Asks: 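Got a structure for you, questions after.
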Amino acid sequence: MSRWEVQLRKGVAELAVLAALAREEAYGYRIVERLQGLGGLALSESTVYPILTRLAREGLLAVRAEASPSGPTRRYYRLTDSGRARLAELAGGWREVSKSLSNLLEGAQ
Amino acid sequence: MSTAETVTLNGALQALVDARLDTIDRMLLGRVPRADRLAIVREVESQIHEQLVGQDPAELDRDDVLAILGRLDPPEAYLPEEDEDDALRHSAPTAVPGRPSGRRNREGWLGGVLGLVSLALILFGSPFAYLFALLTESEVVLMGGGVCLFLMATGCALTSLVLSVRGRRQGVWPVVGIVSSALAMITALGAMGIVLVMALG
């Protein structure tokens, strides 16, 4: 993966993590699996976990612990009201950028 | 709800997992808030166990665990982006928060070099100063040379000590600086004492 692609993915990582939690709560590894499965994003655990912990610390995510059948306690994350507001803000920004870039690329072709 | 059994690793296999978790912990130490660091390590540990689910613990071997660890991102990938490039270039273990890691690397390195210089000044400069004093048969030369050497070596050693402490935990150079500057100061004081005794005796 080129450095540009890496930077692009890192730039949208926070939006992706928030969007992955938009519908339902999920624990850390499940979020990583979901995002890794999206070929265009391919965000791995070293990107996702620091974002999750930072968003939780900033109050955008609420965390609850639940005993796991596989070993250590699972931490389930869900969006708080602030998190939803942040998601809406980032999603709006993304749509603008995406639309402008698409128009530019269409004009260039 | 999953009914998978908890996977309990034997001592040796758990040690492999713990080694990886400890490395990630050390990478993040001082670079992210403590709560974040602990949470990230917990998540990685949880992920490792999630990936072990379904395997018979009795049949798990070193290769199985290493395969799972091999699929994880390397420890340096967890670093905040501004530190990641420095860590990859210099293999620096940890960093003091609030200062650019590139600068910390330079401080540590400079501290180490100055420490070695101060030690070299004392170890190699003292005999030269003494021989010169013998040749000139002058106590003034002996005292003057000794004092100059002492001041230079001590100045270097103190600077080295400060830089090494500021750049501590950045590889081996700060340790070299601290040790060599300490040795240089001890030797300088000893040499100065001998010079004084000889001059007054």
Side-chain angles (χ1 to χ4, degrees), chain A residues 1-14 16-17 20-21 24-37 41-78, chain B residues 1-9 13-14 17-18 20-21 23-25 27-29 31-57 60 65 68-85 87-88:
Chain A
M1 195 182 293
S2 70
R3 188 168 173 81
W4 175 79
E5 286 175 299
V6 170
Q7 292 301 316
L8 180 62
R9 283 166 172 77
K10 283 190 174 179
V12 298
E14 182 176 325
V17 168
L21 292 167
E24 59 181 358
E25 68 172 10
Y27 58 93
Y29 182 48
R30 180 52 52 89
I31 299 169
V32 170
E33 281 185 314
R34 198 176 290 171
L35 294 176
Q36 269 184 332
L41 286 176
L43 296 172
S44 60
E45 67 273 6
S46 63
T47 302
V48 172
Y49 292 150
I51 290 176
L52 284 173
T53 56
R54 177 175 57 79
L55 294 178
R57 175 167 41 86
E58 293 174 356
L60 302 179
L61 298 179
V63 186
R64 70 174 181 90
E66 186 177 294
S68 162
S70 60
T73 305
R74 280 178 181 163
R75 287 160 57 92
Y76 283 81
Y77 300 86
R78 62 169 176 79
Chain B
M1 170 84 68
S2 169
T3 56
E5 291 182 3
T6 299
V7 177
T8 305
L9 300 174
L13 298 183
Q14 186 62 48
V17 172
D18 289 345
R20 171 58 70 93
L21 297 175
T23 304
I24 296 172
D25 190 59
M27 275 284 167
L28 295 173
L29 185 65
R31 290 189 165 103
V32 299
R34 183 173 182 273
D36 286 14
R37 173 172 55 86
L38 296 176
I40 290 168
V41 172
R42 261 201 306 270
E43 290 289 358
V44 176
E45 183 181 19
S46 182
Q47 175 171 337
I48 292 170
H49 280 265
E50 297 276 351
Q51 292 178 324
L52 287 170
V53 161
Q55 300 194 40
D56 184 356
L60 274 174
V65 174
I68 289 172
L69 295 179
R71 287 197 292 269
L72 296 176
D73 289 340
E76 56 269 18
Y78 291 86
L79 291 172
E81 197 172 307
E82 59 274 11
D83 290 334
E84 194 175 328
D85 288 342
L88 288 172

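Here the structure is a predicted model, which means the values were calculated and not measured. Each chain gets a letter, A, B and so on, in the order its sequence line appears, and its residues count up from 1.
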Asks: How long is the span from the CD atom in B:Gln51 to the CD atom in A:Glu33, to the nearest 0.5 Å?
Replies: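 One gets 8.0 Å once the value is rounded to the nearest 0.5 Å.
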
Asks: Which pair of heavy atoms, one from A:Ser46 and one from B:Tyr78, lies closest together, and at what distance?
Replies: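 Residues A:Ser46 and B:Tyr78, closest heavy atoms: CA-CE2, 3.5 Å.
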
Asks: Taking atom CD1 of B:Ile48 and atom OH of A:Tyr29, what is their separation to the nearest 0.5 Å?
Replies: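 Here the rounded value is 10.5 Å.
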
Asks: I need the A:Arg75 CZ to B:Glu43 CD distance, nearest 0.5 Å.
Replies: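 The CZ atom of A:Arg75 sits 6.0 Å away from the CD atom of B:Glu43.
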
Asks: Which answer fits A:Gln36, side chain, backbone, both or neither, if we ask what part of it has an atom under 4.5 Å from a heavy atom of chain B?
Replies: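 It is neither, since no heavy atom gets under 4.5 Å.
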
Asks: Is it the case that over 12 heavy atoms from other parts of the model lie below 6.0 angstrom from the CZ atom of A:Arg30?
Replies: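 For A:Arg30, atom CZ is not crowded (no more than 12 foreign heavy atoms under 6.0 Å).
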
Asks: In terms of heavy-atom proximity below 4.5 Å to chain A, should B:Val44 be classed as side chain, backbone, both, or neither?
Replies: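 Both backbone and side chain.
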
Asks: Could you tell me which portion of B:Ala35 (side chain, backbone, both or neither) has an atom closer than 4.5 angstrom to a non-hydrogen atom of chain A?
Replies: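 No part of B:Ala35 comes within 4.5 Å of chain A.
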
Asks: Rounded to the nearest 0.5 Å, how far apart are CG of B:Leu28 and OH of A:Tyr49?
Replies: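 Rounded to the nearest 0.5 Å, the CG-OH separation comes out at 13.5 Å.
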
Asks: To the nearest 0.5 Å, what is the distance between CZ on B:Arg42 and OG1 on A:Thr73?
Replies: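 Here the interatomic distance stands at 8.5 Å.
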
Asks: Rounded to the nearest 0.5 Å, what's the gap from CG on B:Leu38 to OG1 on A:Thr53? Could you check?
Replies: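 Rounded to the nearest 0.5 Å, the CG-OG1 separation comes to 10.5 Å.
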
Asks: Do you know which of B:Gln47, B:His49, B:Glu50 makes side-chain contact (heavy atoms from CB on, under 4.5 Å) with A:Pro72?
Replies: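 Filter result, single survivor: B:His49.
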
Asks: In residues 54-64 of chain A, which residues are in contact with chain B at a heavy-atom separation under 4.5 Å?
Replies: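 If one takes a 4.5 Å heavy-atom cut-off, the residues of residues 54-64 of chain A near chain B are A:Arg54, A:Arg57.
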
Asks: Given heavy-atom pairs under 4.5 angstrom as the criterion, report whether the side chain, backbone, both or neither of B:Pro33 touches chain A.
Replies: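 Only the side chain of B:Pro33 comes within 4.5 Å of chain A.
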
